[in-house]
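So the structure is just underneath, and the comments pick up after that.
Values below: all heavy atoms of this structure, side chains included; hydrogens, waters and symmetry mates excluded. A note on names: the letters A, B, ... follow the listed sequences, proteins ahead of strands, and every chain is numbered from 1.
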Amino acid sequence: MIVLENIHKAFGSLQVLKGIDLQVVKGEVVCVIGPSGSGKSTLLRCINHLERITTGKIMIDGEIMDERRDNRDLLKISGHKVLSLCAEVGMVFQRFNLFPHMTALENVMEAPVQVRKVPKNQAAAEARELLVNVGLGDKIDQFPSRLSGGQQQRVAIARALAMKPKVMLFDEPTSALDPELVGEVLEVMKGLAQNHMTMIVVTHEMGFARDVANRVIFMDEGRIIEESSPEAIFSNPKHERTKAFLSRVL
Amino acid sequence: MERILATMPDIFMATGMTLALTIVSIVVGMLLGLVLALGRISKNPVLKGLTWTYIWVFRGTPMLMQIFFLFFVMPKILPALTTNAFNTACIALGLNSAAYLAEIIRAAIQSIDKGQLEASKALGMNTSLAMRRIIIPQSIRRMLPPVGNEFIMLLKDTSLVSAIGLTELLKIAKQMTSSTGDAIFYLPIAVIYLILTTIFTFVFDKLEKKYSIYE
């Protein structure tokens, strides 16, 4: 579903990603853990073009999203094509980024109506269903400012799902939440995983990674240090840096 | 008092003229200001330079001089563009306020969290769709207070075009003063300006409340 080959990303002289290779198959849930500054978020942001990679190749569902070397495109991909591939990849942000001038329902309907040209009443019906699924059936007409952080993040998940993405990327989706609101968001994500959504989740929630992930990736200093099943990585980490990190967070 | 009453129709017409000048000019100014603001924000160095120069010239020279330039000098340079005093006045006021409004609009757009644009892109929106549906609607709320301010300034600045012969409020006061030799006429005209600015202050307050519902 997602193939990343030799991804490098530099901001000026700062090397953030130093050669990442990763394949995620359909229906797989991959959790990415690691210390802050290890490049986890940047990796996610590169997948859907919020950041452009310096070198490497990104493929989504067999289609090339980006192929570059030293900041130059090896393959010209039209802006239109990039946007349509972006729409296949749902993204959930740490800070929700809901549209504050729209109600929960309008937030969820916006992209299907404006980008996919779904008729309004159909989009509204689907949006309503999505909001009910994330447990917000009674908050449909509320503006984001009237919702708690956990509720906002659930609207954001529904908004991403409304585009019927093939993959969902989660960039520390619970890091900005009060501790008592984390559970409701993780529950929704767990539900998605059970429905075989392909997911890449950057997270500090080790419990979630242990329970839900098919595979856990430990990143440090722009590289993948270790990857394996959650049982293996949490009970028997191979690499010294993984051990040191896990001993700090567990 | 009777003399004032006798001039009521003239004052009424002049009030209409001041309002027409203000509203046409602010519309011209907003539209052009939006284009200039987008130019200022764009990454294109030519657009950036052009809009910067525009704002530099129109903010850096007196408005009265710009009005004179358009009215007296432009017809000599480009006779084909010669038009009447009202159109010239609206263009001059519009061009000038566009420079100020451009900066107001730019600041409002740039004040919107960049996460909004990222979320739009992640949902497959292109930049112009994201601007139209997500960024600009949110910036309207933020630009309302300074735009209201600019509107009031513009309303008062319309008095400058009395210098090219348009009979708006200040001109009517001057005319009545010179025909009667009594400067008292400035007083009711000042009151009319005050009434107009009060009304529009109120209107902008209402608009701000209307656009604040989601906060």
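- Proximity to chain B involves both the backbone and the side chain of A:Phe99, based on heavy atoms less than 4.5 angstrom apart.
- Between the side chain of A:Asn48 and the backbone N or O of B:Ala122 there is no donor-acceptor pair closer than 3.5 Å.
- Side-chain contact, B:Arg106 with B:Gln110: a donor N or O sits under 3.5 Å from an acceptor N or O.
- Ranked by non-hydrogen atom pairs under 4.5 Å with chain B, the options A:Arg116, A:Met102, A:His101 are led by A:His101.
- Checked by atom type and distance alone, the side chain of B:Arg142 never pairs as donor or acceptor with a backbone atom of B:Ala108 at under 3.5 Å.
- The choice from A:Leu85, A:Leu98, A:Val82 that makes the most heavy-atom pairs within less than 4.5 Å of chain B is A:Leu98.
- Among the candidates A:Ala87, A:Ala111, A:Pro100, A:Ser145, the residue making the largest number of heavy-atom pairs closer than 4.5 Å to chain B is A:Pro100.
- Here A:Ile64 pairs with A:Lys57, A:Met59, A:Glu67, A:Leu75, A:Ile77 under the side-chain contact (heavy atoms from CB on, under 4.5 Å) rule; sequence neighbours left out.
- Only the side chain of B:Asp113 has a heavy atom closer than 4.5 Å to any heavy atom of chain A.
- Most heavy-atom pairs under 4.5 Å with chain B: of the set A:Leu50, A:Leu83, A:Thr103, this distinction falls to A:Leu83.
- Under 3.5 Å, the side chains of B:Gln66 and B:Thr61 contain a donor-acceptor pair of N or O atoms.
- Proximity to chain A involves both the backbone and the side chain of B:Ile134, based on heavy atoms less than 4.5 angstrom apart.
- With contacts defined as side-chain heavy-atom distances shorter than 4.5 Å, the pair B:Leu101/B:Ile104 qualifies.
- Options B:Gln138, B:Met125, B:Arg141, B:Arg133 differ in how many heavy-atom pairs under 4.5 Å they form with chain A, and the most are formed by B:Arg133.
- Both tests do not hold together for B:Lys76 against B:Phe72: distance to the six-membered ring centre under 6.0 Å, angle to the ring axis within 45°.
- At a heavy-atom separation below 4.5 angstrom, chain B is approached by A:Arg159, A:Ala160, A:Met163 within residues 152-171 of chain A.
- Under the 4.0 Å criterion applied to side-chain N and carboxylate O atoms, B:Lys171 and B:Glu168 are not assigned as salt-bridge partners.
- Between B:Leu196 and the choices B:Leu155, B:Thr201, B:Ile152, the side chain to side chain contact (heavy atoms under 4.5 Å, CB included) rule is met once, by B:Leu155.
- Looking at heavy atoms from C-beta onward, A:Phe11 lies in side-chain contact with A:Thr42 at the 4.5 angstrom threshold.
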